[in-house]
Protein chains: 2
Amino acid sequence: MKIGQLARSAGLNASAIRYYEKRGLLAAPQRTGGQRRYASDALSRVLLIRFATDMGFTLSEIKLFLSGLRDNTPVGPRWKKLATRKLIEVEQNIARSLKLKSLLQGLLHCHCPSLQFCVNCLRLSPKLCRFDSIRLKRR
Amino acid sequence: MKIGQLARSAGLNASAIRYYEKRGLLAAPQRTGGQRRYASDALSRVLLIRFATDMGFTLSEIKLFLSGLRDNTPVGPRWKKLATRKLIEVEQNIARSLKLKSLLQGLLHCHCPSLQFCVNCLRLSPKLCRFDSIRLKRR
DNA sequence: CTAAAACTTAAAGTCAGCTTTAAGTCAAGC
DNA sequence: GCTTGACTTAAAGCTGACTTTAAGTTTTAG
């Protein structure tokens, strides 16, 4: 499998695959005439990486729990620790988003004469909306 | 009020205030000896900007609905439109985060022999986690 | 009067996860 | 054999919201 085929199968750009290799998330495959040739298990690896990025893990985190992961390596404590931390982040993000939602709804249904006043009337302090949140993709 | 005092009151860095001015979100104040001197209403303006960024609005969006906003300008249709759109984005984000949460929990409590297998066993397609999401701050 | 703190500017740097560019090499179909 | 498309590299560019830097000026405290 050439890089373009792999990329298309994973729903990524070929440059992203090369980037993963450079970042050390993906092993450098064999080459034919200088071009990368991937075995079929590379696809599941790439899909796993993509899945993890979609989960909100950074590439560094993924590299951490992927290091030494070959085919049927058991789910390690490393992964559990990272996933637990990420779960907490996701929960914080949900809490934050729910608060944002109710604030937005409050602002939308409020009959204050001005936005400035409205913000005051909802008693929004500078601290109110400061939460940690996970990195979420835009696309 | 000098810029440092304003910044401290708003919980921001002085450079952020200057940045808002450069981006056109904040009017250039009077100066004394080249240094910016702010009237007290500048603080509520800055707090409004900060509140909006915390809500997930971009500075460009904020500039849009802030343009022409002076003290008690009524809440405009511009703001309503933007806020409605943002509300939808926030709701999508919540839906996505809830899905992420259950996936993470599923992975954590699963007894699959490997992460790779687990991802397969949860029937995770490449498309599963692709949602639009709003920009959320990290701090 | 002096030293330190706070201010000024423009421009460059930061973060993450890629994408794009430039200038080439290789492979596949006709 | 030739064209076209896919591949190669390193390095630079992109996004957004700032921050940092460098080099200088002003204000304030003592």
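In the text below, chain A, chain B and the rest are named by the order of the sequence lines, each starting its count at 1. FYI, side chains are in, hydrogens and waters are out, and symmetry mates aren't considered; it's all heavy atoms of this structure.
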Separation of atom OH in B/Tyr19 from atom C1' in D/dA17, rounded to whole Å: 5 Å

Sequence-distant partners of B/Lys101, salt bridge (charged side-chain N to carboxylate O under 4.0 Å, His left out), two or more places apart: A/Glu91

Spacing between B/Leu6 atom CG and C/dA6 atom P, to the nearest angstrom: 15 Å

Sugar-phosphate only, base, or nothing, as touched by B/Arg36 at under 4.0 Å among non-hydrogen atoms: sugar-phosphate

Close side-chain approach of B/Leu59 to B/Tyr20, heavy-atom, < 4.5 Å: yes

Integer-rounded Å distance: D/dT19 P and B/Leu59 CG: 11 Å

Separation between CG of B/Leu82 and CG of B/Leu87, rounded to the nearest 0.5 Å: 12.5 Å

Per-nucleotide protein contact string for nucleotides 20-30 of chain C (B base, S sugar-phosphate only, - none; heavy atom under 4.0 Å): B-----SS---

Rounded interatomic separation in angstrom, taking CD1 from A/Ile17 and P from D/dC7: 11 Å

Options D/dC18, C/dT8, C/dT19, nucleotide nearest the side-chain atoms of A/Ala16: C/dT19

Nearest heavy-atom neighbours spanning A/Pro29 and A/Glu21: CD-OE1, 3.6 Å

Partner residues of B/Arg8 under the side chain to side chain contact (heavy atoms under 4.5 Å, CB included) criterion, sequence neighbours left out: B/Gln5

Distance (rounded to the nearest 0.5 Å) between B/Arg36 CZ and B/Leu26 CG: 9.5 Å

Nucleotide C/dA16, atom C1' - distance to OH of A/Tyr20 in whole Å: 11 Å

Sugar-phosphate, base or nothing in reach of B/Arg31, heavy atoms under 4.0 Å: sugar-phosphate

Spacing of A/Leu6 atom CG and A/Lys2 atom NZ [to the nearest 0.5 Å]: 13.0 Å

Residue met sooner reading DNA chain C from 5', once B/Lys22 and B/Ile3 are mapped to nucleotides: B/Ile3

Separation of atom CZ in B/Phe57 from atom P in D/dA17, rounded to whole Å: 12 Å

Proximity to the side chain of B/Arg23 - top-ranked nucleotide from C/dT8, C/dC18, D/dA17: D/dA17

Between D/dT8 (P) and A/Glu21 (CD): distance, integer Å: 9 Å

Whole-Å distance separating the CG atom of B/Leu12 from the C1' atom of D/dC18: 10 Å

